[in-house]
Structures are given as structure tokens and as C-alpha cells.
Amino acid sequence: MSDLANLEQRALSELNATDGEESLRAWKTRYFGEQGEVTLALKNIGKIPGPERAAYGKECNRIKASLGEAFEVRQQAEKDKALERSLAEPPIDVTLPGRRPAHGRLHLATQVMRDIRGIFADLGFQVYRSREVEDDEHNFGLLNMPPHHPARDMWDTFHTMTPGVLLRTHTSPGQIHVMRQFKGKPIRVILPGMCYRYEAITTRSEIQFQQVEGLAIGSRVSMADLKGTISAFARRMFGEERQVRIRSSYFPFTEPSIEVDMDCIVCAGKGCSLCKKSGWLEIMGAGMVHPTVLKNGGYDPEQFTGFAFGMGPQRIAMLKYAIDDIRQFWGNDLRFLQQF
Ligand code: FA5
């Protein structure tokens, strides 16, 4: 019995000495936990010899109740103290502006693609989608490049394991798809999409890049229409003050063929690594659709003429925003992308 009195005294003085919720929890474990002193004393009741057991058990239960009560009082006091403390702290300023959620944005390539589509929509061009995995026939053959034609070397190609199936090197195979679908009706479309070339990656060339093909076919479409369309596009895209240069070129699927350059914005025409020291950067190839290609698409070259062009939106973005390295486009560096 004296042990119990001792236990009660000790527990009460330790309870009074607790400071904060943590020491209160530790006290509870020490006396009321599975191996706590009060718990063990209660478990001990059965072992006490008969005549003393009732008195011992009664005392145990009294101590349990009184310590339990003392604990509750102490715990409430702790809670009151915590509440007082939090009330004394400076109040939350509900007028402070909230934290802005992080907003995503359109990738620069998407923005430029939308600008290009918008300009051509105003010029009356529809958007036509064409596949990225092509066959040899559409990517080369029907574009007037039969097997072993030397012009195929202009496009370093990713071939798949399936013979004759490849990743398109340009959007021009779409010309054939469109012509075969329009079946002899006039055409005015653009074909945007991704192209793939097995070539060395440099500041101006990627192995994966976008192109926008343009195709217009009608009974009296001329080279003047092509030049007018390209100039209208360049003025809208880059502003009146920028320079466009048209020079003759060669593509097997156009005759005559041209290439279109813009003055280099990075060096203002002085010559830098981006423009290969020429002061100009090529943005598209173009020309009048070759009669053989018209025929392959199901159009009679005696009745129809057409122009086509294929431009590189990444190069266009580089010229518009003075980006000196094309690798930034697919590098996923937010410091670059967040600037646009
Ligand atoms: C062609 O791909 C032709 N199909 C374009 C064409 C279409 C000519 C219709 C006539 C009629 P070229 O290989 O020059 O041509 O590419 C066209 C444009 O794609 C280039 O002017 C350039 O802006 C872009 N381009 C080409 N290669 C890359 C590359 N590796 N990385 C980024 N852009 C490129």
C-alpha cells in the first residue's frame, strides 16, 4: 500500500513539473501506457494475497481515477495556454494577395505555327494534315525522284526496318495526298507538320523540325502569284522593313525552283555563325509544281498549273525573335521557353 501512495505522489509531482504537450504525452505513457506504472499496478491486483486484495484493488482504482482526472486538468491547461499564445500572435492578414498558380504557356513552336496558320488563313489557305510516317513512293518517287535519282541525296533519311517505309524528310509528300483527294478541283492548302532528317545537328539544323508546305493549284496560277503570296506572308510575319531575297534553286518536284532568304536578324546582315557568314538565312524552298508531279496527283498539266513552297517555322522563329541556336526548341529549358 505504501508503494501505491508513493506512486501517486511521484506521478502527481511529475505531472505538475510537465511543460508542454510533449512532456504531458510522455507522462501519460510512463503511467498509463502498456507498460505504465499504473497499468502494471492494476495488472498486479490478482497476485495480491486474498485478505489484502480488495483494499489494494480499491486503492489502485482510486489512484487511477485521481491521476486520470489530474491529467485531464493539466491537459486542458496546456490547451488554454496554446490558445492564448496563438491569440497573442499577430493575426493572419487575409487581405494579402494569394499565391498565383503557375500557369503553363504555349511552346514557341506552337505560337509561331499558329501565327503562320493565321496569315495563310487570311490568304484563303485551308489546313490539311498529312502523315509523318511515309512510304518511299510519296516521299520521293511521286515527287519526280525515282529510285537512285541523285536528288534523293538532298534529304538524309531515317528509314524504318520495313523496306520502303520511312520518316518523312519534308512535308512535300502531302502534295500528292491532297491532289489525290481534291481530284482535279482547285487547291489552296497549307500542310503543317514534323519532319525528320538524319543529318548533323548544328545551330541551324535539327534532326527533327517542323515544316509548313503550301500548295495552290488552279487554271492560271503563276510564278507572280507565288512571289506575291510569299511577300505578303513575309510582310505580315516580319514587318515591312525586313528584307526578303529570292534566288533560283533546284528541286525535282518544282520547275522553276526558288529559295527564299531573310536578312539575318542576329547579325543584321553582317555575317555570323547562324547565317554561315552570309547575312541571309534560308526560310523556304518553293517553285511551280512540276508537270510530272501534277500528273502523279491526277491533274492534267495542260489545264492546271500550281505553286508549292515548304518553309521551316523554327528558322522563321529564329529570325523573328533573334534566336541563335535551333537546339533551344526541343531542349526543354524553361529559362528559354518562358521568354516567349
Ligand atoms: C524541302 O524540304 C522542300 N520540300 C521544300 C519545297 C517544298 C520546295 C515545295 C519546293 C516546293 P529544304 O530541304 O530546303 O526543302 O527545306 C525547306 C525548309 O525547311 C528550309 O528552308 C528550312 O527552313 C527548313 N529546314 C530544312 N532542314 C532543316 C533542319 N535540319 N532543321 C530545321 N529546319 C530545316
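Every number for a ligand or one of its atoms is a count from 1 in the order of the listing. Atom set for the values below is all heavy atoms of this structure, side chains included, hydrogens, waters and symmetry mates excluded. If you're wondering where the values come from, they're calculated on a predicted model, not measured in any experiment.
Note: L215 CG to M179 CE = 5.5 Å, rounded to the nearest 0.5 Å. If you take CD on E59 and CZ on R62, they are separated by 4.0 Å, rounding to the nearest 0.5 Å. Once rounded to the nearest 0.5 Å, the distance linking CE of M237 with CG of L319 reads 10.0 Å.
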Which side-chain N or O atoms in residues 107-120 pair as donor and acceptor under 3.5 Å with protein atoms at least two apart or in another chain?
from : atom 1 : to   : atom 2 : distance (Å)
H107 : ND1    : A109 : N      : 3.0
H107 : NE2    : F329 : O      : 2.9
Q111 : NE2    : L106 : O      : 2.9

Compile the donor-acceptor pairs under 3.5 Å between side chains in residues 193-200 and protein atoms, sequence neighbours left out, one pair per line.
from : atom 1 : to   : atom 2 : distance (Å)
Y196 : OH     : E132 : OE1    : 2.6
R197 : NE     : T169 : O      : 2.8
R197 : NH2    : T169 : O      : 3.1

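Scored by the side-chain contact (heavy atoms from CB on, under 4.5 Å) test, S130 finds E134, R168, H177, L191 as partners (sequence neighbours excluded).
Residues lining ligand 1 at a heavy-atom distance below 4.0 Å are given as W155, H170, S172, Q175, R197, E199, R204, S205, E206, F209, Q211, E213, F251, F253, T254, E259, E282, I283, M284, G285, A286, A308, F309, G310, G312, R315, I326, ordered by chain and residue number.
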